[in-house]
Amino acid sequence: MLSSGDLDELRQAVLRSWRDSPTRFTEDTQAERDLLRGAYRDRVFVELAQNAADAAALAGRPGRLRVSVVDGELRVANTGVPLDRRGVAALASLRASGKPPSDQALVGRFGVGFAAVLAVTAEPRVVSRTGGVAFSERRTRRAWDAPEVPVLRLPWPLPEDEPPLPEGFDTEVRLPLRDDPGPLLEQVAAEVADVLLVLPWLAEVEVGQRRWTRRTEGGTADTSDEVVLTLPGERRARWLTHHGEGCVWALPLADDGAPRPLPGDPGDVLHAPTPTDERLSLPARLLTTAVPLEPSRRRVLASAGTPEVTRALDAAAAAYPGLVRALPPRHRLALVPRPHFPLSDVDAVLRERVTGRLADAEWVPSAEGGSLPGRRARVLDLAAARLVELVAELVPDLAAAPLCGRDAARTAAVAGARPLGVAELAEALTGVERPPSWWHAVYTELHAAVERSEVDPDELGALPVPLTDGRTVPGARGALLLDDAEGAVSAVSAVSAVSAVSATSAVAELAIPGLHVVHPDAAHPLLHRLGARRAGPADLLAAPPVAAAVDRSVDDALAGLDVEPLAEAVLSWLSSAPGLPEPERVTLGALALPSVHGPRRADELVLPDAAILPVLDPDAVGDDAPLDVLARDLAQRWDRDTLVRAGVRDTFPVSHATTDESEPAVADLDLVADDAWPAALRLLASEPATWRVLSAPDGRLRDWLAAHALLAGRSPGQWRLASARAAAGLFDPVPDVGLGDDLLVAAGVRTGVVGLAVRDADDAALVCARLGDPDRTVPPGVVLRAHGALSGLPPDDVEPPARVRTLAGAVCDAADAVVLDAPWLLGVWPADRLVAAAEFADAAALADVLDLRLASDETTVRPDDDGEFAAWAELPAIVEVADLLGADLPDGGVLVHDELTVGGVAVPWWHDGEFGTAHASDSPDGLARAFAWEAGRWTERVVVERLLDDPGPRTVLG
């Protein structure tokens with residue numbers, strides 16, 4: 001029991017020390033001021049709760065604490081060991097604690113921390129079952145006269161009228177308040193939950209009518225516990241704790257047990273075990289009694305790098321993996337520190353040691369069971385838990401699901417774990433033997449990741465793919481995905497209804513090198529996205545390995561290999577793919593098929609009853625001939641359309657591959673018998689495909705037929721239609737060969753001269769020969785038009801003729817002829833030496849083609865006299881004619897002659913090319929021609945002449 005004598009003895013001892021050492025009073029005053037204003041500001045409740053927890057610990061029973069306001073006093077009552085003489089001495093010492101030195105479980109029993117009460121009162125009292133003690137600024141001032149005195153140095157007896165302790169409590173601290181107690185009570189309420197977590201010996205706290213409780217579930221003092229705090233309103237807060245050497249790690253938990261890591265920013269603080277000012281960024285709270293602190297208990301002693309602090313932080317870091325292991329595996333990454341700048345020196349040291357411990361300790365759940373150290377673990381960087389399960393046995397040290405995904409990989413990397421990317425995963429799966437259904441499951445997970453944009457498909461280029469032949473190949477590119485099992489299996493069995501499994505077997509039995517067909521149990525949309533191609537019948541036909549097998553099939557057959565399965569496969573796929581592209585996209589003509597003489601390419605065979613057979617030359621079909629007849633048994637087993645699409649002939653095939661314009665776009669025309677061309681032409685016209693080519697605007701086939709086909713012993717280009725009188729004289733009417741005019745024209749029979757008579761060099765030679773034939777009578781107009789057509793050819797394409805047709809209608813030697821290139825020259829050159837086209841503009845080109853001279857180049861004569869100049873505008877008759885025709889008068893004028901002679905020959909008009917001067921005889925004929933030429937109205941020269949004879953509207957209109 002505390003007595004008044006004990007208190008008086010303590011008080012007198014302090015007063016003697018002040019009297020004996022004048023500076024001691026100043027030191028005590030300053031120390032109390034520093035504690036109040038610095039280290040213990042705002043820590044009233046924490047310090048009193050700490051004392052209450054120690055009292056409960058000393059009593060060996062969980063303690064209760066009650067905070068209330070009575071008669072303007074803050075009263076804090078607790079259970080446990082009551083105040084004793086040593087405790088009073090500690091309260092009055094300002095520098096000592098009443099905690100037994102050997103008891104490491106205590107936080108501090110009535111020591112310097114009690115100075116925190118001075119922030120709210122100057123007259124604190126402690127009432128206990130063993131007595132009590134009071135401190136008073138007022139009474140101390142009476143005992144020691146000074147402007148400022150240390151309140152807690154002189155203990156005083158309690159007043160005689162001190163109210164008794166509340167029932168059920170052992171000690172109560174009573175603080176008469178200077179200010180309104182409301183804000184202080186709210187501050188206390190805000191600190192209760194943290195205080196209960198920090199002080200395990202406190203089980204219950206009441207603040208006014210509000211109540212908090214603490215309950216520990218599971219574990220013992222050296223294992224992990226789950227602490228449940230019950231808050232006012234029956235709310236609960238859960239914490240996972242793990243005990244280490246001199247420390248406790250605590251992690252907030254959600255109601256379902258999931259962790260709620262502390263935020264890295266602004267972070268938490270080091271609790272030692274009460275809050276310090278040392279900021280931490282770790283996901284869990286560190287409570288330690290081992291870290292040495294300054295007397296203020298705000299900062300670590302000296303620095304974070306001192307040996308004592310480092311040892312304590314090492315011990316805390318060593319315990320951290322235990323807290324991590326206490327969590328369910330799916331939540332453990334929540335406790336890996338996130339990348340963050342340290343918030344303090346202590347934080348930097350602690351983070352470094354924690355991450356080091358996580359790298360070395362076993363805590364990462366392994367996909368194969370057990371745990372892995374952080375630095376050994378591999379974390380799949382896809383959020384694909386099922387994929388982790390599928391590949392667990394194949395990837396050493398793989399972290400278990402659901403520890404996967406990019407966030408998980410980045411987080412685990414802090415503890416030394418390495419991410420496992422999909423490219424590396426694909427490499428790890430190379431050579432793995434698993435059922436196709438297992439691969440399908442893998443593809444499903446990877447496809448989902450691609451759809452979520454977690455994976456670039458390019459990273460999966462080497463992903464293994466199981467095939468129907470039992471092999472597994474790297475990469476989907478070039479593989480085929482069967483999407484028509486019926487068509488695939490009929491390739492070998494020719495059966496129309498079969499299962500997908502037998503379809504797979506059928507394709508595999510073809511044994512085509514390089515034909516990679518994906519096993520149907522592994523077929524997946526991901527493979528198509530990675531380059532595998534849909535393998536319907538058309539796709540199988542277009543597959544390069546199939547095309548290569550087709551291309552060498554004849555050589556294989558001649559070498560004794562059995563190519564019948566390939567032939568049956570190709571024909572079956574053709575029959576199942578009516579929409580197959582045209583042959584230029586799928587080359588099947590090389591397929592080996594049986595003929596009556598042995599294996600031949602399909603495009604070298606004709607059907608036994610082919611429509612083309614009757615028109616072919618007998619030497620064109622046979623063993624050593626260009627074509628042979630398909631074996632009848634094969635022709636009977638497959639429909640006509642399928643065989644034709646494989647390249648077998650029924651009629652003339654259209655060739656889409658030829659690019660030589662001199663070759664026809666229809667094959668086999670060179671094999672037609674000479675006397676069978678009418679029938680061959682009718683066959684070409686009867687088929688839509690060949691008729692389209694025959695009637696094409698480019699006339700390519702028509703031109704070939706015109707030169708190479710035979711009608712009545714001549715090529716079609718040597719005949720004309722009976723109605724084509726514009727070509728009369730040059731070409732004879734075609735005899736009756738049983739063909740209509742449309743088909744005759746399509747075959748190259750001529751309809752006229754312009755645009756048709758002279759198509760090429762051979763045609764030009766024919767026309768020149770006909771024009772130079774003196775036994776032929778060619779109308780003058782045909783001659784002019786034929787010369788005009790010849791002028792449009794390149795000179796190098798035409799062999800100059802020896803004889804030419806003149807304006808006189810007769811034939812003369814080319815050496816004696818000239819080409820008429822100007823109309824006035826008609827007056828001085830004889831008609832039987834002039835060669836002319838219908839247009840003077842064609843004269844120069846015609847001369848080049850026929851290798852003749854121009855008449856103008858050979859004319860050296862000029863008008864015999866100068867004549868009399870007259871401007872066009874000064875000739876009234878010409879002015880009137882120009883008005884009637886709506887023509888502009890030419891510039892300049894004309895030299896008028898009473899009688900115009902050139903070289904002694906009378907001519908109506910002339911044009912002097914050297915000087916550009918027109919000459920005209922004084923006559924309507926001469927003036928009309930000169931005016932029409934100069935005015936650019938040459939075609940109206942006859943009208944001009946008539947108007948000069950009879951000017952007036954009647955002549956124009958009549």
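Excluded from the calculations below are hydrogen atoms, water molecules and symmetry mates; all remaining heavy atoms, backbone and side chain alike, are included.
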side-chain contact (heavy atoms from CB on, under 4.5 Å) assessment of Trp144 paired with Arg19:
CA-CA 10 Å; Trp144 190 270; Arg19 286 191 295 269; 3.7 Å; yes
Salt bridge (Lys or Arg N to Asp or Glu O under 4.0 Å) between Arg11 and Asp8, intermediate numbers included
CA-CA 5 Å; Arg11 194 169 54 254; Asp8 183 62; 2.8 Å; yes
Which is it for Trp249 and Leu286 under the side-chain contact (heavy atoms from CB on, under 4.5 Å) test, yes or no, and what are the steps along the way?
CA-CA 5 Å; Trp249 285 100; Leu286 175 59; 3.6 Å; yes
Taking it one step at a time, do Val46 and Glu191 satisfy side-chain contact (heavy atoms from CB on, under 4.5 Å)?
CA-CA 8 Å; Val46 171; Glu191 295 174 350; 3.8 Å; yes
side-chain contact (heavy atoms from CB on, under 4.5 Å), that's the test. Do Val192 and Phe45 meet it? Break it down for me.
CA-CA 9 Å; Val192 171; Phe45 175 66; 3.9 Å; yes
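Remark: Arg141 engages Glu137 in a salt bridge (Lys or Arg N to Asp or Glu O under 4.0 Å) (not counting sequence neighbours).
For Thr140 against Pro150, the heavy-atom pair with the smallest separation is CG2-O, 4.0 Å. Taking each heavy atom of Leu403 and Ala408 in turn, the nearest pair found is C-CB, 4.1 Å. For the residue pair Arg299 and Asp277, the shortest heavy atom distance occurs at NH1-O, 3.2 Å. The nearest pair of heavy atoms linking Leu280 to Leu343 is O-CD1, 3.6 Å. The shortest heavy-atom contact between Arg153 and Ser17 is NH2-OG, 4.3 Å. Across all their heavy atoms, Thr121 and Pro176 have their closest contact at OG1-O, 2.5 Å.
We find the NE2-CG distance between His331 and Leu240 to be 11.0 Å, quoted to the nearest 0.5 Å. Expressed to the nearest 0.5 Å, how far CG of Asp381 lies from CG of Asp407 amounts to 11.0 Å. Distance check, rounded to the nearest 0.5 Å: CG of Leu199 to CG of Leu287 gives 9.0 Å. Atom CG of Leu270 is separated from atom OG1 of Thr276 by 4.0 Å, given to the nearest 0.5 angstrom. Here CZ of Arg353 is found 14.0 Å from CG of Leu358. Values are rounded to the nearest 0.5 Å. Atom CD of Glu73 sits about 10.5 Å away from atom CD of Glu123, to the nearest 0.5 Å.
A donor and an acceptor atom, one from each side chain of Arg279 and Ser281, are nowhere located under 3.5 Å apart. Judged by distance alone, the side chains of Thr213 and Glu204 never bring a donor and an acceptor atom under 3.5 Å apart.
For the side chain to side chain contact (heavy atoms under 4.5 Å, CB included) criterion with Leu48, the lone passing option out of Leu65, Val117, Val126, Val67 is Val117.
Glu32 is listed as a side-chain neighbour of Leu152, based on a closest heavy-atom distance under 4.5 Å. Val195 places none of its side-chain heavy atoms less than 4.5 Å from the side chain of Val205. Between Glu278 and Val291, every side-chain heavy-atom pair lies at or beyond the 4.5 Å cut-off. Counting only heavy atoms from C-beta outward, the side chains of Asn51 and Asn78 never approach each other to under 4.5 Å. Put simply, the side chain of Val127 reaches to within 4.5 Å of the side chain of Glu162, judged on heavy atoms. In this structure, the side chains of Glu27 and Ser21 stay at 4.5 Å or more apart for every pair of heavy atoms. In this structure, the side chains of Pro339 and Arg410 stay at 4.5 Å or more apart for every pair of heavy atoms. Between Ser371 and Arg332, the closest side-chain pair of non-hydrogen atoms falls below 4.5 Å.
Atom CG of Asp145 has 12 or fewer neighbouring heavy atoms from other residues, nucleotides or ligands inside a 6.0 Å radius. Residue Asp314 qualifies as enclosed at atom CG: its count of foreign heavy atoms under 6.0 Å is above 12. For Gln12, the CD atom counts as densely surrounded, since its 6.0 Å shell holds more than 12 non-hydrogen atoms of other residues, nucleotides or ligands.
Asp170 contributes a side-chain N or O that, together with a main-chain N or O of Gly80, makes up a donor-acceptor pair within less than 3.5 Å. Between the Tyr320 side chain and the Leu335 main chain, a donor and an acceptor come within less than 3.5 Å of each other. Between the side chain of Glu172 and the main chain of Pro166, no donor-acceptor pair closer than 3.5 Å is present. No donor-acceptor pair closer than 3.5 Å links the side chain of Thr130 to the backbone N or O of Pro82. Using modelled atom types, one side-chain atom of Arg214 and one backbone atom of Leu196 make a donor-acceptor pair closer than 3.5 Å. A side-chain donor-acceptor contact under 3.5 Å links His271 to the backbone of Val269. Side-chain N or O atoms of Arg357 include none that pairs as donor or acceptor with a backbone N or O of Val354 at under 3.5 Å. Of the possible polar contacts, one joining the Arg174 side chain to the Pro163 backbone as a donor-acceptor pair under 3.5 Å is found. At distances below 3.5 Å, at least one donor-acceptor pair connects side-chain atoms of Asp256 with backbone N or O atoms of Ala258. Here the side chain of Thr411 pairs no donor or acceptor atom with the backbone of Arg338 at under 3.5 angstrom.
In summary, Arg375 and Asp360 engage in a salt bridge, as defined by a charged side-chain N under 4.0 Å from a carboxylate O.
Aromatic ring pairs are classed by plane angle as parallel below 30°, tilted from 30° to 60° and perpendicular above 60°; the pair Phe135 and Phe114 is tilted.
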